[in-house]
> 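Can you read through this structure? Questions will come right after.
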Amino acid sequence: MKKRILIVDDDEVIQSSLYRMLCDEYEVLAAEDADQAILLIDEGIDLCLLDVNLKDEDGFSLCVRIREISDAPIIFITVKDDEASLEKGILAGGDDYVTKPFSIHALKLRILAHIRRYSSLSNTKHRYYAKNDWVLDTVNHVFSFQNQPVPVSNVDFTIIEKLLSNAGCLVLRETLLDALADKNDAFVENNTLSVYISRLRKKMMKYNRDCPIETVSGVGYRWK
């Protein structure tokens, strides 16, 4: 069965181009607005290609809504290449960021890497970590606090697994960077890791103001 990719873009030319590029390998769906995208995502997808500039709602806010119902990888496609936009995309819950014009071959490789990572989650040996009401279930890909699911991205999940499985111990920044590269097939810069951690803390503090992730300045992080 083909993996399902959703293209969210109100530009018919871009939609058509991406469809032709991907339809031989994937089942490709398309949405022109946020409401249509949410309906399709609710039916189940394996990856979302999301434009930042939509007519009815910007892609960043839509990404936040998507994260409430799906942990499928989200790749932003946009003409914006500034660091502020990149950070905003990461904080919204995106997994990757591609700027126009882009290499078709490079985009295909990113799609393949993210789908492979997402698909492998269901085949992962069952691991179950729990500490102070926080629980990580790797088979069902669920992170929760007091039995309440916490929406997180694949990158977030990798960070949580590494920290929670070593609760009480220091995890070096280099160790986290290696884990992200290994499990998400993507190179993550040192500064970007700080953004990921900041985003994750904000999510967790919505459920408990006492976030268990602490920073060991210049060295790494620890799950208290």
Side-chain angles (χ1 to χ4, degrees), residues 1-82 84-121 141 151-158 180 183-188 192 195-196 199:
M1 181 181 296
K2 289 184 176 181
K3 301 296 184 182
R4 305 181 86 201
I5 291 180
L6 173 63
I7 302 167
V8 185
D9 197 311
D10 52 20
D11 187 324
E12 292 184 4
V13 175
I14 297 295
Q15 271 197 23
S16 178
S17 176
L18 288 172
Y19 178 85
R20 290 195 303 270
M21 181 183 84
L22 300 169
C23 65
D24 288 340
E25 301 172 59
Y26 304 100
E27 178 185 350
V28 183
L29 311 173
E32 296 181 357
D33 57 54
D35 290 340
Q36 185 181 10
I38 292 295
L39 288 174
L40 290 171
I41 290 168
D42 201 37
E43 295 175 2
I45 62 167
D46 296 286
L47 183 137
C48 178
L49 296 175
L50 178 58
D51 186 30
V52 170
N53 298 313
L54 300 173
K55 292 177 182 178
D56 62 334
E57 181 177 353
D58 74 84
F60 298 129
S61 61
L62 176 56
C63 182
V64 174
R65 291 175 60 193
I66 292 172
R67 278 288 165 255
E68 294 176 354
I69 61 172
S70 174
D71 60 358
I74 297 174
I75 300 178
F76 282 105
I77 297 181
T78 177
V79 295
K80 298 181 178 181
D81 60 356
D82 57 285
S85 295
L86 171 60
E87 180 175 349
K88 195 171 182 180
I90 292 173
L91 292 173
D95 296 281
D96 209 340
Y97 202 93
V98 177
T99 55
K100 302 174 185 176
F102 51 82
S103 161
I104 292 177
H105 180 66
L107 179 60
K108 278 189 170 184
L109 288 177
R110 291 190 186 206
I111 289 171
L112 177 62
H114 283 291
I115 286 183
R116 182 171 62 189
R117 158 64 181 160
Y118 185 59
S119 300
S120 69
L121 292 172
H141 197 62
V152 291
S153 69
N154 291 334
V155 169
D156 294 334
F157 200 89
T158 300
L180 290 171
K183 291 196 173 185
N184 295 277
D185 297 298
F187 173 74
V188 177
T192 307
V195 175
Y196 282 136
R199 176 192 68 182

> Classify the angle between the aromatic ring planes of Phe76 and Tyr97 as parallel (below 30°), tilted (30 to 60°) or perpendicular (above 60°).
tilted
> Flag the pair Ile77 / Phe102 as yes when at least one side-chain heavy-atom distance between them is below 4.5 Å, and no otherwise.
yes
> Once rounded to the nearest 0.5 Å, what's the spacing between atom CD1 of Ile69 and atom CD1 of Ile38?
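Reported value, rounded in 0.5 Å steps: 4.5 Å.
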> With heavy-atom distances below 4.5 Å as the criterion, would you say the side chains of Gln15 and Glu32 are in contact?
yes
> Keeping to residues at least two apart or across chains, list the side-chain hydrogen bond (donor to acceptor under 3.5 Å, both in side chains) pairs with something in residues 54-63.
Glu57-Ser61, Glu57-Arg65, Asp58-Ser61
> Is it the case that more than 12 heavy atoms not belonging to Tyr19 sit under 6.0 Å from its OH atom?
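It does not: Tyr19 OH has 12 such atoms or fewer within range.
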> Before you tell me yes or no, could you show the steps for Cys63 and Leu50 under side chain to side chain contact (heavy atoms under 4.5 Å, CB included), namely the whole-Å CA-CA distance, both residues' side-chain angles and the distance that decides it to 0.1 Å?
CA-CA 8 Å; Cys63 182; Leu50 178 58; 4.0 Å; yes
> Which pairs with one or both residues in residues 41-54 pass side-chain hydrogen bond (donor to acceptor under 3.5 Å, both in side chains), sequence neighbours excluded?
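Sorted pair list comes back empty.
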> Show the nearest heavy-atom pair for residues Ser153 and Arg199, with the distance to one decimal.
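Shortest heavy-atom separation between Ser153 and Arg199 comes out as OG-NH2, 3.0 Å.
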> Which distance, rounded to the nearest 0.5 Å, do you find between the CZ of Arg4 and the CG of Leu47?
13.0 Å
> Hey, which of Leu62, Leu29, Leu49, Leu40 is the one that makes side chain to side chain contact (heavy atoms under 4.5 Å, CB included) with Val8?
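Option passing the side chain to side chain contact (heavy atoms under 4.5 Å, CB included) with Val8: Leu62.
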> Is there a side chain to side chain contact (heavy atoms under 4.5 Å, CB included) between Leu86 and Val195? Walk through the geometry before answering.
CA-CA 10 Å; Leu86 171 60; Val195 175; over 6 Å; no
> List in chain and number order the residues that pass ring pair (Phe, Tyr, Trp, His ring centres under 6.0 Å) with Tyr26, two or more places apart in sequence or in another chain; answer none if no residue qualifies.
none
> Compare every heavy atom of Leu6 with every heavy atom of Ala37, then report the nearest pair and how far apart it is.
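For Ala37 versus Leu6, the nearest heavy atoms are O-CD2, 3.9 Å.
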> If you measure from CG on Leu180 to CG on Asp156, what distance do you get to the nearest 0.5 Å?
9.5 Å
> Looking at Ile104, I want to see if its CD1 is surrounded by more than 12 non-hydrogen atoms of other residues, nucleotides or ligands under 6.0 Å.
no
> Do Lys100 and Ile14 have side-chain heavy atoms sitting under 4.5 Å apart?
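Yes - at least one pair of side-chain heavy atoms lies under 4.5 Å apart.
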> Return yes if some donor-acceptor pair links the side-chain N/O of Lys2 with the main-chain N/O of Cys23 below 3.5 Å, else return no.
yes
> Working to the nearest 0.5 angstrom, can you tell me the gap between Met21 CE and Ile111 CD1?
4.5 Å
> List the steps and the verdict of side chain to side chain donor-acceptor pair (under 3.5 Å) for Asp96 and His114.
CA-CA 9 Å; Asp96 209 340; His114 283 291; 3.0 Å; yes
> Ignoring hydrogens, what is the shortest heavy-atom contact between Arg67 and Ala92? Give both atom names and the distance.
CG-O, 4.1 Å
> Rounded to the nearest 0.5 Å, what's the gap from CD1 on Ile115 to CD1 on Ile45? Could you check?
9.5 Å
> If you measure from CG on Leu22 to CD1 on Ile5, what distance do you get to the nearest 0.5 Å?
5.0 Å
> Are side-chain heavy atoms of Arg117 and Thr158 found at a separation under 4.5 Å?
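Yes, side chains in contact.
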